[in-house]
Amino acid sequence: MAPRFTTRFAPSPTGRLHLGHAYSAIKAHDAARAHDGVLLLRIEDIDQGRCRPEFEAGIMEDLAWLGLSWPQPVRRQSDHLPDYAAALEKLRGLGVVYRCFLTRREVMERAMSAPHGEGEGPDGVIYRGPDQRMSDDEEEARLARGDAFAWRLSIRYSQDLLGEEFARLYFFEQSDGSNAEQIVSARPESLGDVILARKDTPTSYHLSVVHDDALQGVTHVIRGEDLRTSTHIHVLMQRLLGLPHPAYIHHPLIAGPDGKRYAKRDGSVTLAALRAAGLSPADLRARIGLPA
Ligand code: GLU
C-alpha cells in the first residue's frame with residue numbers, strides 16, 4: 001500500500017507570517033485535503049538568535065485562523081538537536097563532511113577570485129571547497145586554539161563515494177496544481193559545499209530539513225520555488241543518509257501589488273495586521289488567488 005500523502009508547513013519563527021507564508025501553508029493544506037492526506041506543522045527554530053517563542057505562538061494563531069489544523073505534537077527542531085548531531089556523525093563516518101575554518105569574508109574573497117565568479121546560492125556566496133584537504137596537524141592546532149568552524153558537505157568527497165551514481169541522482173517534481181510528475185536530474189554541485197553545522201550548532205537548515213522530512217514520513221514537500229536549488233542538495237543528502245526521497249512541488253512566489261515578493265520586512269502585510277483590519281480567511285484566499 002502506498003504511504004499516506006503527507007506534507008508539511010515548516011516555518012521559522014523569526015517573525016509573524018505574511019501573505020507568502022499563507023500561500024504556502026494553504027497550498028500544502030489543500031493538497032493534503034485533495035489526497036485525503038495529512039498536513040504537518042513543523043517549527044524550524046534552529047537559528048536560536050533569531051527565533052522567538054512569541055512568533056511560534058503567533059504562527060499557530062494565524063494558521064488556526066486560516067482554518068488549518070495539524071496533528072500534535074508539533075515537532076520543534078530545537079528540541080531535537082541530538083538527532084541532527086547523530087545524522088552529522090553518520091556523514092562524518094562516510095567521510096563526506098569536513099571542518100571549514102574560513103570566515104565569511106574569506107569565503108567571499110575566494111568566490112570573487114574564481115575565474116567566472118561563483119555567484120550566490122540560497123545560503124549566500126557559493127563555496128567550492130578547498131583545493132586540498134587540511135592536514136590533521138593543522139586541524140588539531142586550530143581546534144586547540146578554539147577557532148570557529150563550519151561543517152561543510154563536500155561535493156568532491158560525495159562524488160568520490162558515490163562514483164557514477166552521483167550524476168544519476170534525481171527527484172520527482174510535480175508541477176503546481178497538477179499530478180503530472182517530471183523527473184529532474186539533481187545537480188548538487190550547483191550549490192557548492194553547503195554548511196551542515198557549526199562549531200556550536202549541531203545542525204543547519206539543510207541537515208534538519210532532510211532528517212525531519214524522512215522521520216516524519218513526508219511524501220510530498222510543498223514549498224516556494226526559492227528553495228528549488230536546495231532540493232538538489234537535499235536529494236544528495238537523502239542518498240548519503242539512506243533516507244527516502246519525497247516528491248517535490250515548488251510553487252511560484254507570490255508578489256504584492258507593487259510586484260515585489262512578500263517578505264518578512266513588509267511588516268504591513270502580516271496576517272495579524274490583515275486580520276486586525278477586518279479581512280476574513282476567505283478574503284485572504286481571494287487576495288492571493290487561491291480558490292475558496
Ligand atoms: N523553514 C524554511 C523557511 O521558513 C522552510 C523550509 C522548507 O519548506 O523546506 O523558509
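All values derive from a computational prediction rather than experimental measurement. We count ligands from 1, going down the list as the structure has it; atoms in each ligand are counted the same way.
- Phe55 pairs by the ring-ring contact (aromatic ring centres under 6.0 Å, His included) definition with nothing, not counting sequence neighbours.
- Taking every heavy atom of Ser12 and a limit of under 4.0 angstrom, the matching atoms of ligand 1 come to 1 (N), 4 (O).
- Tyr205 counts as a contact of ligand 1, since one of its heavy atoms falls under 4.0 Å from the ligand.
- The contact set between ligand 1 and Glu44, taken as ligand atoms under 4.0 Å from a residue heavy atom, comprises 1 (N), 2 (C), 5 (C), 6 (C).
- In summary, the aromatic rings of Tyr23 and His21 are positioned with their centroids too far apart to meet the 6.0 Å limit.
- Of all atoms in ligand 1, numbered sequentially from 1 with element shown, those under 4.0 Å from a heavy atom of Val209 are 9 (O).
- At least one cation-pi condition fails for Arg239 and Phe166: the charged atom is not both under 6.0 angstrom from the six-membered ring centre and inside a 45 degree cone around its axis.
- Between Ala10 and ligand 1, at least one N/O pair is under 3.5 Å apart.
- Under the 6.0 Å cut-off for aromatic ring centres, His245 and Phe171 do not qualify, their centroids lying 6.0 Å or more apart.
- For Arg275 and Trp65, the positive end sits near the middle of the six-membered ring, less than 6.0 Å away and at most 45° from its axis.
- Under a 4.0 Å criterion applied to the non-hydrogen atoms of Arg8, ligand 1 contributes the atoms 7 (C), 8 (O), 9 (O).
- Heavy atoms of His21 come nearer than 4.0 angstrom to ligand 1 in no pair at all.
- Here the two rings, on Tyr205 and His234, have centers that are under 6.0 Å apart.
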